[in-house]
Every structure is written in C-alpha cells, then in structure tokens.
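In what follows, a single structure is set out as structure tokens and then discussed.
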Amino acid sequence: MQETNVTTAELENKSTVTTSGYEIVAPPFYSVIIVVGCIGNLLLIFTVFRWREMRTPCNYLIANNAIADLGVVTIGAPLRIVEVYEGWVLGEPLCQILAPTQDTFAVVSVMTYTLIAFERYRAVMSPFKPKLSSHNILIIVSITWVLGYISVGLPMALLLRVVHVAGRPYCMASFPSDLSRQSYEVYLVIVFLLIPLVSQTVAYSRLVRRLTRDDPLERSFSDPRSSRRRQLKKNRVVRVTITLVVFFQICYIPRMAMMLIFEFAPRTFIQNIYFQYVDLTIFVLFYIKHVINPIILFSISTDFRKRFPCTMRHMGYFRDSFLVRALSSRGRSPTLNSKLTETMDNGNGEERDKMHGESLL
C-alpha cells in the first residue's frame, strides 16, 4: 500500500515523470502533508486525552487512528521526498525494518476507521448495551497493531531488498514470481481496502437511516425546545458520519484501482506520461486521507470544535497551568491551588457540557 510493494514498472515510470517535473511537484506537496498531518493529528490526540468527557471508546479509537496517521506522515512522507532525488538511501537493514512500518501504519488506520464505524453503529443501534471499557479498548487497539504488522509488515520484511532501477536504489519486495506478487496485491486490495469500504458503507448507511427515521419517542416530548435540540444533534451526527465516509472512499477507492492497474494493465498504458500524473494525483489523495480527519472533526464536530486547543479559551489553560506550578513552587496554599486547578478543568470557570452518552466524532 505504500512504497514497499511497488512494482519495477512503477518505479521505472517514476523516472520518466521525474524528468517531466515530478521532482518539482512532489516535495512541496509531501512537505505540506508532513506539517499539516503532524499539527492536526497531535492536536486531535491532545484534545481526546486532555478533556475527561472526550475519553470515550469512540474517541479513543479516533486517537489511535490519529497515531497511525501520524506515523504515515512522519515516516512515509519524508521517505517519499528523499526517494524523488536519491531513492532509498538508508541501506538494506533499515529497508527490512523501517519500510514495513509504513504499510503497518496504513493498515492500522484502515482497521481503526472500520472499528469506529462499528462502534458508532453499536452505540446508535443498541444504545442500552454497556459501553466498552477503557481496558477493552486498549485490548482492541493492541490487536489492531499486532494484526497489522503480522498481516502486512512481517511478510514485507521477509521479502524486502534494496534493488537498483534506472541507476537508483529502491526498497522493494522481491517476490518469487509475478503470480505471487499479483496475488499479494489482490490480497491487499480485497482485505484492507474493499472489505473495509463495504463494511463502513453498510454500517454508516444503516446508521444514517436510523438517525433520519421519524422517532415516535421524540414526538412525545412536551417541550418543543428539547425536541429541537435532539433533532439538531441528529443532524450533526448525520453530517459528520457522511462527511467522514465520503472522504475516506474518495481517498481510497482510486488507490485501490491504481494498485490493480499497475499489476494487470499493459506496460504501454502505464508508461503514458499523463497516466503518471494521474497516479501522482491519486497518491496525493491517499496521503490526504491521513491528514483530513482532524480538519473534518475540528470543523464540523461540535464536541471537538468546542475543545479545539488553539482557541482563546483554551489558551488560558496553559496560562493557568503555569500559574499553578508557580504557586506550588512558592509554597502557597494547597486549597488555592486545588481551586485554580478545578477552574481550569471546568473550562476556566464555564460549566462543562452535559454529555448524554458518548461523544459522537
């Protein structure tokens, strides 16, 4: 899914694109991906773990997805920049150790995204079932990382070698035959792209249908304002879920098709210069997936937007935190310190929002 399992034909075609301006376009793009991805995913992780009411099963999965996306933008994107000019420069040992982590990060991101869809489905369709505990979430998250490495990272580590294509070294998998390579590509597309996409689509479709369905219980509310608030919350849920799944599919479906094209299309077709720029555009979408989630969540999710760390309200948290440490170091009253800390945790004196169930994305 990343650079570790590309074909020789793909690398040869990149050399052609390099002479046509690929090396001018790619590095600035990957640089933007690194900066935006690091800032956005770090802020997302901070938001989940900083606010107590945000520490829900679904948000823990979102944080895990952000960690995987962070790995993609901090390891995969810089290596792509270096590859444009020099190829793989880290030697064969790191080729077998470091390169497989890129695919592992991508697979963990896909699996976690699918788990988020299932968790949202369970929470909405069966609201009276017990929530997953933090311990259970930790087990699930650990399984995704172990399974991701065993299913993708480990096979790649056993096959990766440094080979020279058009005079440059590349970290590539040396498959025993073309059939084995094609089978592996089909395995990746089906198991880690097609099945997750179908599962998410089914889960979110049924979820949206349930949320938009007329609820007799809602009509029983005597207070029109309460009914209106519930309807607005439903609308936000639908908007966030539709946005997330649409962006995920826009970013991943073209990459799925491109992987199959490189394996089964005629060489003359994939060597076309215009096709190579299409390939670059699709790979852009693939990387955008790993930076877009924080932007979506902080833009249209009320729970995340109200707790965006860079708002003036939350900047006061850092100021008050410094004040608490200063008072503690001078031996001031513990009561005063505890009161100030309580004020900080309550959003600088504002009452916390009442959380009904779990925070929805």
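Remember, it's a predicted structure, so these values are computed and weren't measured experimentally.
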Give the intermediate values and the outcome of side chain to side chain contact (heavy atoms under 4.5 Å, CB included) for residues I62 and N293.
CA-CA 9 Å; I62 290 175; N293 276 1; over 6 Å; no
Check: Y60 and L132 side chains under 4.5 Å, non-hydrogen atoms
no
Report yes if the side chains of V32 and V35 come closer than 4.5 Å at any heavy-atom pair, otherwise no.
no
Are the side chains of K289 and R255 in contact, using a 4.5 Å heavy-atom criterion?
no
Say whether L297 and I39 are linked into one hydrophobic cluster, either directly or through other cluster members, by side-chain heavy-atom distances under 4.5 angstrom.
yes
If Ile, Leu, Val, Met, Phe, Trp and Tyr residues are connected whenever their side-chain heavy atoms lie under 4.5 Å apart, and connections chain through other members, are V152 and I97 in the same group?
no
Heavy atoms of T47 and L43 approach each other most closely as OG1-O, 2.7 Å
I150-V191 co-clustered via ILVMFWY side chain contacts under 4.5 Å:
no
Show me the pairs that pass side-chain hydrogen bond (donor to acceptor under 3.5 Å, both in side chains) and involve residues 62-74, at least two apart or across chains.
N64-T112, N64-W145, N65-D69, N65-S109, D69-S109, D69-H290
Could you tell me if the side chain of I282 sits less than 4.5 Å from the side chain of F286, heavy atoms only?
no
When you look at I81 and I34, which way does the side chain to side chain contact (heavy atoms under 4.5 Å, CB included) test go after all the steps?
CA-CA 11 Å; I81 295 177; I34 293 170; 4.0 Å; yes
Side-chain touch F262/D279, heavy atoms, less than 4.5 angstrom
yes
L160 and C95: which non-hydrogen atoms are nearest, and at how many Å?
CD1-O, 3.2 Å
Quick one: closest heavy-atom pair of C58 and R120, and the distance?
SG-NE, 3.4 Å
Ring geometry between Y184 and F175 (parallel below 30°, tilted from 30 to 60°, perpendicular above 60°):
tilted
Atom CZ of F275: over 12 foreign heavy atoms under 6.0 Å
yes
Check the pair Y121 / Y204 against ring-ring contact (aromatic ring centres under 6.0 Å, His included), numbers first and verdict last.
CA-CA 7 Å; Y121 179 84; Y204 280 131; 9.5 Å; no
Mind checking the CG-CE spacing from L159 to M172? Nearest 0.5 Å is all I need.
11.5 Å
Consider only side-chain heavy atoms of I, L, V, M, F, W and Y, link residues closer than 4.5 Å, and tell whether I143 and M111 are in one cluster.
no
May I ask you to test the R80-I33 pair for a side-chain heavy-atom distance under 4.5 Å?
no
Name all residues meeting the side chain to side chain contact (heavy atoms under 4.5 Å, CB included) criterion together with S177; count only those two or more places apart in sequence or in a different chain, and write none if there are none.
L179, S180
For L188 and D103, run side chain to side chain contact (heavy atoms under 4.5 Å, CB included): C-alpha distance rounded to whole Å, both residues' side-chain angles, the deciding distance at 0.1 Å, then the answer.
CA-CA 10 Å; L188 289 179; D103 287 343; 5.9 Å; no
Does any N or O in the side chain of R168 come within less than 3.5 Å of the main-chain N or O of Y85, such that one atom is a donor and the other an acceptor?
yes
For the student: nearest non-hydrogen atoms of G148 and T104, plus distance:
C-CG2, 4.0 Å
Criterion side chain to side chain contact (heavy atoms under 4.5 Å, CB included) on V82 and L90, from CA distance to verdict:
CA-CA 10 Å; V82 175; L90 301 179; over 6 Å; no
Find out whether I67 and N41 are in side-chain contact, i.e. whether some heavy atom of one side chain is under 4.5 Å from a heavy atom of the other.
no
Sorted by chain and residue number, the side chain to side chain contact (heavy atoms under 4.5 Å, CB included) partners of E92 (sequence neighbours excluded) come out as Q96, R161, V162
Heavy-atom count check: over 12 atoms from other residues, nucleotides or ligands less than 6.0 Å from F264 CZ?
yes
Answer yes if F118 and V202 sit in the same cluster of Ile, Leu, Val, Met, Phe, Trp and Tyr residues linked by side chain heavy atoms under 4.5 Å apart, and no otherwise.
no
Are any non-hydrogen side-chain atoms of F192 and S151 less than 4.5 angstrom apart?
yes
